[in-house]
S.K.: 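I am attaching a structure below and will ask some questions about it afterwards.
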Number of protein chains: 2
Amino acid sequence: MQNNDLNLLKELRLKLTPQRLAIIEYLKGNKNHPSAEEIYNALKDRFPSMSFATVYNTLEVLVEKGLIKELSIDSSKKRFDPYTHPHHHFICKACGKIVDVEASFEIFIPESLRDFQVEDFQVVFTGVCPECKKE
Amino acid sequence: MQNNDLNLLKELRLKLTPQRLAIIEYLKGNKNHPSAEEIYNALKDRFPSMSFATVYNTLEVLVEKGLIKELSIDSSKKRFDPYTHPHHHFICKACGKIVDVEASFEIFIPESLRDFQVEDFQVVFTGVCPECKKE
DNA sequence: GTGCTGTATTGAAATAGTCCTAAAATAATA
DNA sequence: TATTATTTTAGGACTATTTCAATACAGCAC
């Protein structure tokens with residue numbers, strides 16, 4: 001946890017609670033696209049009294065403030081991604097793993113979206129990851 | 001419901017139950033990416049005794065047989081798409097509507113996915129649809 | 001530091017979506 | 001028409017998520 005995180009939270013007028021700081025610290029640099037449960041499990045040793053609601057509340061706030069992104073790649077649960085810069089994903093049909101794809105793609109906005117306010121796009125690759133391919 | 005649907009189901013060795021036929025008919029040509037609940041609600045007048053499990057069972061079979069696709073665009077529920085040909089989507093942040101994008105994109109497979117077996121990709125645009133833009 | 005105030009956390013229960021199971025129903029076949 | 005294997009049904013189980021009221025506590029003024 002760096003000082004600039006503390007300052008960032010202050011600027012956002014969020015109270016610096018230990019649970020929040022731990023959740024942010026856990027997410028920071030995390031490339032595993034964790035679910036709420038994974039976050040909860042990772043922190044419950046340090047915060048045995050922490051409630052699931054706190055994890056959800058915090059994640060909601062962080063998404064609102066734009067510090068993390070909520071991924072809609074997995075239809076069974078929400079996943080969260082601290083990397084808010086534009087990037088893409090590969091999802092393995094076998095194990096469900098989600099991998100970052102750092103390439104940038106040149107995509108033209110199709111004519112059919114003329115009247116739409118397109119703000120972002122995401123490329124989701126599907127297939128089989130190297131580990132699952134071996135089996 | 002056309003005869004070729006009936007033949008298709010026969011070839012797949014699926015029993016032609018009224019519920020199944022109704023679900024297939026409802027999905028056919030449907031561009032709203034309906035959820036299981038929407039399908040259930042749309043048909044419950046005609047099939048008051050129909051169970052939710054039937055909807056899920058049928059959808060599962062249809063996905064297995066490749067007649068429809070399951071979309072993982074909405075993190076709150078599964079959505080189903082009868083259009084199995086390659087196409088993309090726009091999702092409105094305001095109303096959640098999912099719109100088909102028929103364009104085809106030239107995407108290179110990035111070097112970082114060298115060892116991955118990439119089978120498909122999907123472009124998901126996000127932003128605001130014309131209706132929500134007005135508000 | 002002490003006290004105040006509004007925000008955050010907690011625990012439990014409510015809700016929503018999906019899936020499971022066993023019994024009853026029924027489509028397909030002979 | 002009888003048989004059989006598949007499908008539907010009803011209800012409950014299960015998981016993920018949200019809500020709620022009560023309690024705790026971070027930040028601020030003094």
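In what follows, chains are A, B, ... by sequence order, proteins preceding strands, each numbered from 1.
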S.K.: What are the two closest heavy atoms between Val101(B) and Pro110(A), and how far apart are they?
M.R.: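 For Val101(B) versus Pro110(A), the nearest heavy atoms are CG1-CG, 3.5 Å.
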S.K.: Using side-chain contact (heavy atoms from CB on, under 4.5 Å) as the criterion, list what pairs up with Ser75(A), not counting sequence neighbours.
M.R.: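 For Ser75(A), the residues satisfying side-chain contact (heavy atoms from CB on, under 4.5 Å) (neighbours in sequence not counted) are Glu70(B), Ser72(B), Lys78(B).
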S.K.: What does the B/S/- profile of nucleotides 24-30 of chain C look like, 5' to 3', with a 4.0 Å heavy-atom cutoff to protein?
M.R.: ---BS--
S.K.: Show your working on side chain to side chain donor-acceptor pair (under 3.5 Å) between Asp81(B) and His87(B) and close with a plain yes or no.
M.R.: CA-CA 11 Å; Asp81(B) 193 340; His87(B) 68 287; 3.0 Å; yes
S.K.: Write down the distance between CD1 (Ile23(B)) and C1' (dT8(D)), rounded to a whole number of angstrom.
M.R.: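 Going from Ile23(B) (CD1) to dT8(D) (C1'), I get 11 Å.
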S.K.: Can you measure Tyr40(B) atom OH to dT9(D) atom C1' for me and round it to whole angstrom units?
M.R.: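 About 11 Å, once rounded to whole Å.
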S.K.: Indicate whether any N or O donor in one side chain lies under 3.5 Å from an N or O acceptor in the other, for His33(A) and Asp74(A).
M.R.: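 Distance-only check fails for His33(A) and Asp74(A).
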S.K.: Grab the CG-C1' distance between Leu59(A) and dA8(C) for me, whole Å please.
M.R.: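 Rounded to whole Å, this separation is 15 Å.
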S.K.: Let me know the distance between CG of Asp74(B) and P of dA16(C), rounded to the nearest Å.
M.R.: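 That distance rounds to 15 Å.
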S.K.: Got more than 12 heavy atoms from elsewhere within 6.0 Å of CD, Glu106(B)?
M.R.: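 Not buried by this count: 12 neighbours or fewer within 6.0 Å.
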S.K.: Report yes if at least one side-chain N or O of Gln19(A) is closer than 4.0 Å to OP1 or OP2 of dT10(C); otherwise report no.
M.R.: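 Yes, within the criterion.
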S.K.: If the sugar-phosphate is the primed atoms plus P, OP1 and OP2 and the base is the rest, what is the B/S/- string for nucleotides 13-24 of chain D, using protein heavy atoms under 4.0 Å?
M.R.: ---SBBB-----
S.K.: What contact category does Thr54(A) fall into here, base, sugar-phosphate, or nothing, at under 4.0 angstrom with non-hydrogen atoms?
M.R.: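 Base contact.
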S.K.: Could I get the full list of side-chain contact (heavy atoms from CB on, under 4.5 Å) partners for Ser35(B), not counting sequence neighbours?
M.R.: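 Checked Ser35(B) against side-chain contact (heavy atoms from CB on, under 4.5 Å); matches are Glu37(B), Glu38(B), Lys77(B).
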S.K.: Among all residues two or more places apart in sequence or in another chain, which pass the ring pair (Phe, Tyr, Trp, His ring centres under 6.0 Å) test with Phe116(B)?
M.R.: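 With sequence neighbours excluded, Phe116(B) shows a ring pair (Phe, Tyr, Trp, His ring centres under 6.0 Å) to Phe90(A), given in chain and number order.
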S.K.: Return the value, rounded to whole Å, for the distance between atom CG of Leu43(A) and atom P of dT9(C).
M.R.: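 Going from CG in Leu43(A) over to P in dT9(C) covers 12 Å.
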S.K.: Can you measure Arg20(B) atom CZ to dT6(D) atom C1' for me and round it to whole angstrom units?
M.R.: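 Rounded to whole Å, this separation is 8 Å.
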S.K.: Take the protein atom CZ of Arg13(B) and the nucleotide atom C1' of dT6(D), then report the distance between them rounded to whole Å.
M.R.: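 My rounded result for the distance is 14 Å.
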S.K.: Grab the CG-C1' distance between Leu12(B) and dT6(D) for me, whole Å please.
M.R.: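 Spelled out: CG on Leu12(B) to C1' on dT6(D) is 15 Å.
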S.K.: Same cluster for Leu27(A) and Met50(A) if Ile/Leu/Val/Met/Phe/Trp/Tyr side chains link at under 4.5 Å?
M.R.: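 Yes, one cluster joins them.
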S.K.: Which residues satisfy the side-chain contact (heavy atoms from CB on, under 4.5 Å) test with Ser51(A), sequence neighbours excluded?
M.R.: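 Ala53(A), Thr54(A).
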